[in-house]
Amino acid sequence: MKNYITTPIYYVNGEAHIGHAYTTFIADTLARHSRLIGNETYFLTGTDEHGQKIEEAAKKLDKPTQQFADEISATFRNLWDEFNISYDQFIRTTDAEHKKGVQVAFAKMFENGDIYKDFYEGNYCVSCETFFPESQLMDGGCCPDCGRATTILKEESYFFRLSKYEKPLLDYYEAHPEFILPKSRRNEVISFVKGGLNDLSVTRTSFSWGVHLPESLNEPKHVMYVWLDALMNYVTALGYGTDEAKMDFWPANTQLVGKDILRFHAIYWPAFLMSLGLPLPKHIGAHGWWTRDGEKMSKSKGNVVDPREVSKHYGVENFRYFMMREVPFGQDGDFSQRALIDRMNSDLSNDLGNLLNRIIGMSEKYSDFVINSVDVEKYHTKELNDAHAILDSLDTYLNELQLHRYLEELWKVFSIGNKAIEEHAPWVKIKEGRNDEALATVALVANLLAKASVMLHSIMPSTTSTIADALGFEITTKSYTKLIVNKELLESFTIKKIPPLFPRVDEPLMQEAPKAMLDEAPIAEPKPKMEDKKETTVSEEGLITIDQFFQTSIKIGTVLNAEEVPKSSKLLKLQVDLGEEYPRQIVAGIREYYSAESLIGTQVCVVANLKPAKLMGLLSEGMILAAKDSDGLCLVRPEKPRQSGSSVG
RNA sequence: GGCUGGGUAGCUCAGCUGGUUAGAGCGCUGGUCUCAUAAGCCGGAGGUCGGGGGUUCGAGUCCCCCCCCCGCCA
């Protein structure tokens, strides 16, 4: 079976971020899995390099446009190489074959009457490369997407008869419920199309950095609309319009996109394909976005997650496992070091890594590292059957792009292993001289690990290869067939004593940006061991009663305004809302650590029933709580915003 | 404003066409084993299933109203 998987081509207006990595990881996982189970697989990714925005960005840097595109494109490609992405082709829309292919497609659409010439006039956003109707513009005629100013543009343009495909598209969605995944997105697309489709302007004369129209049309002024150009990459990569040798990979099985570009892929793209008489892809999968510590990422906030940075500190495959496991396909996910660390420790170290270590230890003590499956079926049919049932069910999840469920299920195999060891306690059996039984349990777990590793391989290719190597086999289509399809067991082998694959992570490995650090939930102290527990951890001396404590009124305050106190290097004068009629004026000695601007709009804890005092002649009606150590001072703040005036205690 | 989807344990979520004491993972907590990476295993606490009506012998699950969140569209 042929299986074609694509990511979108990434626009070269900036470097790769976590979203690009996420899409690419999913696609790579699908591609690797497809190859593993023996499909003939083609995995495409690449870069989208045309358009006015690129032309202008290059001009700003005083670089030739092509050179600019070359450079950014290379950063993507390098990152994917660094991340061990198994793409078969990295296409660029500036590739000669691609341009040729798009022209062939354009000519064909023109010939069959789906493209015609007219005029377009409207408010155009250069940044988004989109026209917006008057009604959609924001105040002052700004772009509703990016907020930048739009300009009125009237230009001669070729149009694609999108309106003609309204009905065929709706019919197709109806007949193919699995075309758009997840379902919630499908509904959105359908309701959009039902709202009516306008013909699509597909050429521009306002800039020249793009694919020119076919020579037969003799329209040197026009270049193609970036989306027509970009979308066609999925077939030009296979040689559409040039050398069509690979076109038998079409239609694609799965085309992954971010939710922001679903409309283009679920409406325009299938319409183009219909016009060209090509079949439509089986699935368009729209995934969600990532936030950081619960907040939207943006350059201005400085909280953007650099995938390279994360993988450098935590390992690409751990990062990748986290992304695939953490969030249901289609949903937005939240990245935080805490969540990543929790996943790594709990799933990878405790469940998987430790399990491998357990059998290494036992086989060392009981059988000089030799593991033999001879007696596994005799003593552990139940466990084997349970595990096989789980392994058999996994494909379903993968087909629905439910990778988190896939992993969730797969992990039950490790659980079977851990439970089996407990239940059969090989160390007891050895003492009783029932060596066969003890060794059978060890071998059972080795087999469970082997089988699970095969199924984990497409998500953690290198790590699972290491596991397989320790278990004396190699993960290939052949071993997949043997261990998973035919449910066979491992040959006798000598297990390798390898150091722990997933050392526990006790504290964040990555330096946080200052802002993010404030927002990061405090890392829980490792809980003290039972025997360390004393009656109390404080001496009786100087203790107060709870009533005494509540004599202090601590409230949450929102900083409405902040300014520096003249002639003072330490003091800031704040106006803080405590939910009272008027804000309090509070003078605080925190200027060395916090700028006035950075405080406005944030929340602090305030001692509200403190006798007012004068500092530098200014009245201060409260005290702000802060903690100080040798590294400096930081404010004590609510973890999440609370209403001004909420009491703390 | 229109249309989807959703509001279930501290957190993230599962609960199909209504049916015994509402589930999982993580977290918290008690116990326990010792092969193992302060890992594993067993047990426990914790939910008026957004609110209010209604249908029904019986509703988280169906109907109506209201509140709130996300998304798409305007």
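Hydrogens, waters and symmetry mates play no part in the numbers below; they use all other heavy atoms, side chains included. Each chain gets a letter, A, B and so on, in the order its sequence line appears, and its residues count up from 1. As the structure is a computational prediction, the values presented were derived from the model and not from experiment.
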Integer-rounded Å distance: [N] [atom2] and [X] [atom1]:
| X | N | atom1 | atom2 | answer |
| --- | --- | --- | --- | --- |
| A:I390 | B:rG25 | CD1 | C1' | 15 Å |
| A:W289 | B:rC72 | CH2 | C1' | 12 Å |
| A:I341 | B:rA39 | CD1 | P | 14 Å |

Contacts of [X] that satisfy side chain to side chain contact (heavy atoms under 4.5 Å, CB included) - sequence neighbours left out:
| X | value |
| --- | --- |
| A:V257 | A:P8, A:I261, A:L262, A:H265, A:I284, A:A286 |
| A:N372 | A:V374, A:S492 |
| A:T602 | A:V559, A:L599, A:R637 |
| A:D171 | A:K167 |

field: Pair A:T29, A:R320: side-chain N/O donor-acceptor within cut-off below 3.5 Å
entry: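 A pair is found: one side chain offers a donor N or O, the other an acceptor, under 3.5 Å apart.
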Quick one: which protein N/O atoms are closer than 3.5 Å to N/O atoms of nucleotides 7-10 of chain B? Pair and distance per line, please.
none

task: Name all residues meeting the ring-ring contact (aromatic ring centres under 6.0 Å, His included) criterion together with A:W289; count only those two or more places apart in sequence or in a different chain, and write none if there are none.
output: none
query: Quick one: salt bridge (charged side-chain N to carboxylate O under 4.0 Å, His left out) pairs with a partner in residues 340-358 of chain A, sequence neighbours left out?
result: A:E326-A:R343, A:R338-A:D342, A:R343-A:D347, A:R358-A:E422
task: Using side chain to side chain donor-acceptor pair (under 3.5 Å) as the criterion, list what pairs up with A:Y314, not counting sequence neighbours.
output: A:Q337
message: Heavy-atom nearest nucleotide on RNA chain B for A:E408 versus A:R504: which residue maps closer to 5'?
response: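 The 5'-side residue here is A:E408.
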field: Pairwise ring pair (Phe, Tyr, Trp, His ring centres under 6.0 Å) hits with a residue in residues 383-431 of chain A, at least two apart
entry: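 Checked against ring pair (Phe, Tyr, Trp, His ring centres under 6.0 Å) - neighbours excluded - the pairs reaching residues 383-431 of chain A are A:Y321-A:W411, A:H380-A:H424, A:W411-A:F414.
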- request: Using only heavy-atom distances, decide whether a donor-acceptor pair under 3.5 angstrom links the side-chain of A:N357 to the base of B:rA36.
  value: no
field: Selection: residues 178-187 of chain A, any non-hydrogen atom under 4.0 Å of RNA chain B
entry: A:R185, A:N187
- request: List in numerical order all residues of residues 362-386 of chain A for which some heavy atom is under 4.0 Å away from an atom belonging to RNA chain B.
  value: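 Nucleic-acid contacts, sorted: A:M362, A:K365, A:Y366.
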message: It should be established whether A:K419 places a side-chain nitrogen or oxygen under 4.0 Å from OP1 or OP2 of nucleotide B:rC42.
response: yes
message: Please list all pairs meeting side-chain hydrogen bond (donor to acceptor under 3.5 Å, both in side chains) that have one or both residues in residues 188-198 of chain A, counting only residues at least two apart or in different chains.
response: A:R185-A:E188
